[in-house]
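The model shown is predicted, which means the values in this text are computed figures rather than measured ones. Letters A, B, ... mirror the listed sequences (proteins, then strands); counts begin at 1.
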There are 2 protein chains.
Amino acid sequence: MKKRSYNQFCALASALDIIGERWNLLIIRELLTGPRRYTDLIDGLPGISTNLLAERLKELEELGIIRRCMLPPPAGSTVYQLTSLGQALETSMIELGKWGSRFLPASCDEVNLPSVGAISLAIKAFFHPQTAQGINETYELHLDQEVLQVNVSDGEISVHQGQYRNPDAIFYTTMQVFVDLFTGQFDPDEAVANDLLRIEGDPDTLKRFLRLSKATV
Amino acid sequence: MKKRSYNQFCALASALDIIGERWNLLIIRELLTGPRRYTDLIDGLPGISTNLLAERLKELEELGIIRRCMLPPPAGSTVYQLTSLGQALETSMIELGKWGSRFLPASCDEVNLPSVGAISLAIKAFFHPQTAQGINETYELHLDQEVLQVNVSDGEISVHQGQYRNPDAIFYTTMQVFVDLFTGQFDPDEAVANDLLRIEGDPDTLKRFLRLSKATV
DNA sequence: CGGAATCCTCTTCGATACTG
DNA sequence: CAGTATCGAAGAGGATTCCG
């Protein structure tokens, strides 16, 4: 069982020996916002086969990039979680995302919707620090069944799964609607008027949030 | 001939659809410092098969990431060169290189020596802007048959192939020796004393240069 | 000699079915 | 829910040949 390698004394080649394997960076993308279960990963990575995911998870764990752990009771489910080594890939992934945004399909119609992991990365990748000057807010984003917490402060943004802080505003919507808002193909006012998005809190927060990281390619 | 794709509305997935294919990022790495010929690429990418390189080059050209062009006479050879879209991958690659450096093999003995492309990326990836404050110099680096021009100014570094500017110092050595110096496994004074490296110009420039971007993992 | 195309083998991927 | 097992299809790697 010898691993395939570029066998070159080059830092980039070494990195690619590990995370260049198909699916690996996307698995890590899914984990960037927090731990996920096996089936969550399957859902967020449409097209991956179950044996391949299992194999990749094992490799990544052996390399110290992810960790397999049990959630404390009553949950008790086994989840996968990034180590600090895995988290350290975030800036690379954001840079790659910025570059790749110009190759995004024209619409979601032909391809799979982004997962929460993908959207979280997009929110960070397209974040404009200048626009965030003076903004200090936390938003809670409900997309279908999932919840994201977005915090902006001091010109920095962070995105995590779940709800654990008092948000300044809560948005309830679907992934489809959110993508259209995020990419600017749909107007926030219209979404609210048509009941496709519900805001709890100051109605202005939505536009403020969207302006922070609109994907202006 | 349908391309394999992650088919997800995600900027990272879109990027990986293109440069996630095996060898692609390394091909681009080779071109980051300037145009190269087909056989130069073969040499810099040990292990790539000739058909695979040809196929990748065609894909990358169609995607607008590289360009195939003729050098003006008397050279007249066809070379591959990055477009601005391809150049835009540099920051991602530097970030990946920084991350991957901790997985570098302990020594070059078991693996292939870095190519000039790999070394150029390393010089940029491990560059410390703070250390470069007040330094304004150009070094010409002769590694085996190849020549690199390294310019430092205003806390920024740039690396290009060939000689087209008056350098402050010229270093003649082999790739093997340079790698050992760069990784700190070999002392510059010792290299010079043993005639493994020859300096034209101020002898202090070598240490200054090495301090700029020593791979301190 | 540079720049590929062809052929063949081996590994990896992907889809589905199956199990603790 | 969290994975294994199986198997055909696609891709990678190596050698060789072709062409200007």
Side-chain angles (χ1 to χ4, degrees), chain A residues 1-8 13 16-27 30-31 35-62 66-81 111-112 145, chain B residues 1-8 13 16-27 30-31 35-62 66-81 111-112 145:
Chain A
M1 180 156 173
K2 49 201 166 199
K3 276 231 357 128
R4 179 164 68 169
S5 164
Y6 289 114
N7 270 316
Q8 196 173 29
L16 293 175
D17 278 341
I18 294 171
I19 48 75
E21 296 293 311
R22 194 162 167 75
W23 292 108
N24 273 357
L25 269 189
L26 294 187
I27 292 171
E30 288 301 295
L31 299 177
R36 313 231 87 192
R37 291 171 306 173
Y38 189 86
T39 30
D40 299 332
L41 292 172
I42 291 276
D43 292 343
L45 301 167
I48 198 173
S49 58
T50 135
N51 58 349
L52 202 48
L53 177 57
E55 188 183 315
R56 294 289 192 256
L57 288 172
K58 212 171 295 173
E59 290 168 10
L60 290 174
E61 190 185 0
E62 279 165 14
I66 66 175
R67 196 174 335 170
R68 192 172 178 280
C69 36
M70 284 298 219
L71 284 187
S77 38
T78 74
V79 292
Y80 296 88
Q81 172 174 31
V111 296
N112 292 292
Q145 318 306 335
Chain B
M1 181 159 172
K2 49 202 163 195
K3 276 230 358 125
R4 181 164 66 169
S5 164
Y6 288 115
N7 270 317
Q8 196 173 29
L16 292 174
D17 279 341
I18 294 172
I19 48 75
E21 296 293 312
R22 193 161 168 75
W23 293 109
N24 273 357
L25 269 190
L26 294 187
I27 293 171
E30 289 300 294
L31 299 178
R36 312 230 89 191
R37 291 170 308 173
Y38 188 85
T39 30
D40 299 332
L41 292 172
I42 291 277
D43 292 344
L45 301 167
I48 198 172
S49 57
T50 135
N51 55 354
L52 204 47
L53 176 57
E55 188 184 320
R56 293 290 192 255
L57 288 173
K58 211 172 296 170
E59 290 168 10
L60 290 173
E61 190 184 359
E62 278 166 13
I66 66 176
R67 198 178 341 195
R68 195 171 176 278
C69 35
M70 284 297 220
L71 284 188
S77 39
T78 75
V79 293
Y80 297 88
Q81 171 174 32
V111 297
N112 292 291
Q145 318 307 335

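Between A:L52 and B:L57, it is B:L57 whose nearest contact on DNA chain C lies nearer the 5' terminus. Of the two residues near DNA chain D, A:Y6 and A:K58, the one whose nearest nucleotide lies more 5' is A:K58.
Interface remark: the B:N51 side chain does form a donor-acceptor pair with the D:dG14 base, using a distance-only criterion of under 3.5 Å. Between the base of C:dA4 and the side chain of B:T50 there is a donor-acceptor pair shorter than 3.5 Å.
Taking every side-chain heavy atom of A:Y38 into account, D:dA2 is the closest of C:dG3, D:dA2, C:dC13. Across C:dA15, C:dG3, D:dC1, the shortest atom-to-atom separation from the side chain of B:R37 is found for C:dG3. Considering only the side chain of A:T78, D:dG3 comes nearest among C:dG3, D:dG3, D:dG11.
The shortest distance between the side-chain N/O atoms of A:R56 and the OP1/OP2 oxygens of C:dC13 is below 4.0 Å. For C:dG3, neither phosphate oxygen OP1 nor OP2 lies less than 4.0 angstrom from any side-chain nitrogen or oxygen of B:R68. Here B:W23 reaches the OP1 or OP2 of D:dG13: one of its side-chain N or O atoms lies under 4.0 Å away.
Taking atom CG of B:L16 as the reference point, atom C1' of C:dC13 lies 16 Å away to the nearest angstrom. Between the CD atom of B:E55 and the P atom of C:dA4 there is a distance of 13 Å, rounded to whole Å. Computed from coordinates, the A:L71 CG to D:dC1 P distance equals 14 Å when rounded to whole Å. The separation between B:Y80 atom OH and C:dG2 atom C1' is 10 Å, rounded to whole Å. Between B:E21 atom CD and D:dG13 atom P the separation is 12 Å, expressed in whole Å. In this structure, CD1 of A:I27 is placed 13 Å from C1' of C:dC13, rounded to the nearest angstrom. In this structure, the CG atom of A:L26 is 15 Å from the C1' atom of C:dC13, given to the nearest Å. For the pair B:D43 CG and C:dC1 P, the computed distance is 13 Å after rounding to whole Å.
Heavy-atom minimum distance, A:P35 versus A:V79: CB-CG2, 3.9 Å. Nearest heavy atom pair, residue A:R37 against residue A:T78, reads CG-O, 3.6 Å. Here the closest heavy-atom approach between residue B:L31 and residue B:Q81 is recorded as CD1-N, 4.4 Å. Closest of all the heavy-atom pairs between B:S5 and B:N7 is OG-N, 2.9 Å.
Within 4.0 Å of A:T39, counting heavy atoms only, lie sugar-phosphate atoms of the nucleic acid but no base atom.
Ring geometry, B:Y6 versus A:W23: the interplanar angle exceeds 60°, so the pair is classed perpendicular (tilted spans 30 to 60°).
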